[in-house]
Amino acid sequence: MKNLKREVFTIPNIMGYFRIILIPIFLYIYYNATSVRDYYIVAGIVCVSGITDFLDGYIARNFNMITELGKFIDPLADKLTQAALVFSLAFRHKLMWYLVGLFIIKEGFMAIMGIIMLRKGKKLDGAKWFGKLCTAILYIVMFILILFPRMNDTRANFLIVVCGMFMLMSFILYIPVFYKMYKSSK
């Protein structure tokens, strides 16, 4: 029981739970926003979620708080938050639907390959630099799009395309990583 408490209630894992709890709060305020102030609040929530995402990994690595549960909770909180952001903004920005499609393809590939590798007794050893960069760009772009709800379509579309390029780059760079893992497991 003591080990379970130590595993479940580490500071990084609590931050992961907190990020998951922020998702319905973000969604509720975003969908009910009637003023620029409401969008500022939502942007603040996204900012807090992004900072917490950075901090939980930093704390886990530097204070020896890495747990198996944390290796599951952190990416789960990431993907749920990213999905909520991308889907929410797709109702405001039409070009975002392409990002939704790319997000589904990329994350679907990652999930399927992760399951295949787990069945072979292997798993990805944390996010790669390009995955972290993609996540950072996504958070920044979503934050800007929420913070400036009246941004013109040209600027918004430019940001969405930039985000899409980084997401595509990350997807393409993960393919050989999983290929090497798959080949080495035979």
Side-chain angles (χ1 to χ4, degrees), residues 4-61 63 65-108 110-111 126-127 131-151 153 155-157 159-160 162-164 166-167 170:
L4 179 63
K5 276 187 176 179
R6 210 174 299 156
E7 176 93 0
V8 172
F9 296 110
T10 65
I11 292 169
N13 289 353
I14 291 169
M15 289 177 158
Y17 311 142
F18 177 69
R19 287 190 358 240
I20 293 170
I21 290 168
L22 285 178
I23 295 167
I25 296 168
F26 153 80
L27 291 172
Y28 178 80
I29 296 171
Y30 183 75
Y31 283 118
N32 292 297
T34 57
S35 69
V36 173
R37 181 180 171 274
D38 293 337
Y39 290 108
Y40 290 168
I41 291 169
V42 173
I45 292 169
V46 171
C47 187
V48 167
S49 181
I51 290 169
T52 308
D53 181 22
F54 168 75
L55 285 177
D56 69 0
Y58 178 82
I59 291 169
R61 285 186 300 278
F63 294 96
M65 293 183 183
I66 296 172
T67 64
E68 289 304 311
L69 179 62
K71 291 178 186 178
F72 173 76
I73 292 295
D74 181 57
L76 176 67
D78 287 347
K79 299 314 163 201
L80 290 174
T81 300
Q82 291 169 17
L85 289 167
V86 170
F87 278 101
S88 297
L89 286 165
F91 292 100
R92 178 168 297 249
H93 305 282
K94 291 184 195 290
L95 192 62
M96 187 69 77
W97 285 108
Y98 292 103
L99 204 61
V100 168
L102 182 56
F103 180 82
I104 290 169
I105 291 167
K106 175 186 175 280
E107 296 308 327
M110 299 287 288
K132 291 179 181 185
L133 179 61
C134 176
T135 298
I137 297 296
L138 186 127
Y139 268 109
I140 291 166
V141 168
M142 299 303 118
F143 174 77
I144 291 169
L145 291 174
I146 292 168
L147 188 62
F148 301 105
R150 294 189 177 110
M151 180 184 297
D153 287 342
R155 288 185 178 137
N157 288 341
L159 291 173
I160 292 166
V162 167
C163 187
F166 279 95
M167 193 177 291
S170 175

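Predicted, not measured: the structure shown is a model, and the values here were computed from it.
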Looking at every heavy atom in both E7 and E68, which two are closest together, and how far apart are they?
OE2-N, 3.0 Å
Heavy-atom count check: over 12 atoms from other residues, nucleotides or ligands less than 6.0 Å from R155 CZ?
no
Return the CE to CE distance between M65 and M15, rounded to the nearest 0.5 Å.
9.5 Å
Where is the tightest heavy-atom contact between Y139 and S49, given as atom of each residue plus distance?
OH-OG, 3.7 Å
Any side-chain heavy atom of V8 within less than 4.5 Å of one from L69?
yes
Are the aromatic rings of W97 and F103 close, with centres under 6.0 Å apart?
no
Side-chain contact, heavy-atom cut-off 4.5 Å: F26 with T81?
no
Distance check, rounded to the nearest 0.5 Å: L55 atom CG versus F18 atom CZ?
11.5 Å
Atom CE of M167 and atom CD of E107: how far apart are they, to the nearest 0.5 Å?
7.5 Å
Side chains of L85 and F143: closer than 4.5 Å at any heavy-atom pair?
no
Closest contact, heavy atoms only, C163 versus M142:
SG-CE, 4.2 Å
Taking it one step at a time, do V162 and F166 satisfy side-chain contact (heavy atoms from CB on, under 4.5 Å)?
CA-CA 6 Å; V162 167; F166 279 95; 3.9 Å; yes
Is there a donor in the side chain of D78 and an acceptor in the side chain of T135, or the other way round, less than 3.5 Å apart?
no
I11 CD1: over 12 foreign heavy atoms closer than 6.0 Å:
no
dist L95:CG -> L159:CG (nearest 0.5 Å) comes out at 10.5 Å
Where is the tightest heavy-atom contact between A77 and G16, given as atom of each residue plus distance?
CB-O, 3.7 Å
Write down the atom of P75, the atom of G70, and the distance for their closest heavy-atom approach.
CD-O, 3.9 Å
Donor-acceptor pair, side chain of D38 and main chain of T34, under 3.5 angstrom
yes
Which distance, rounded to the nearest 0.5 Å, do you find between the OG1 of T67 and the CG of D74?
10.0 Å
Between I160 and Y98, is a side-chain contact (heavy atoms from CB on, under 4.5 Å) present by the stated rule, with each step listed?
CA-CA 9 Å; I160 292 166; Y98 292 103; over 6 Å; no
Begin with the C-alpha distance, continue with both residues' side-chain angles, and end with the deciding distance and a verdict on side-chain contact (heavy atoms from CB on, under 4.5 Å) for N13 and D56.
CA-CA 7 Å; N13 289 353; D56 69 0; over 6 Å; no
Using side-chain heavy atoms (C-beta onward) and a distance below 4.5 Å, is L147 in contact with Y39?
no
Side chains of V141 and L138, heavy atoms from C-beta outward: is any pair under 4.5 Å?
no
For the OH atom on Y17, are there more than 12 heavy atoms of other groups (residues, nucleotides or ligands in this structure) within a distance under 6.0 Å?
yes
Heavy-atom closest contact (L27 atom, S88 atom, distance):
CD2-OG, 3.0 Å
Is the shortest side-chain heavy-atom distance between K94 and D153 below 4.5 Å?
no
Given 3.5 Å as the limit, does a donor-acceptor pair link the side chain of R19 with the main chain of L76, or not?
no
What's the spacing between F91 CZ and L89 CG if we round to 0.5 Å?
10.5 Å
Taking M151 as the fixed residue, which of I144, N157, I146 is the one that meets the side-chain contact (heavy atoms from CB on, under 4.5 Å) rule?
I144
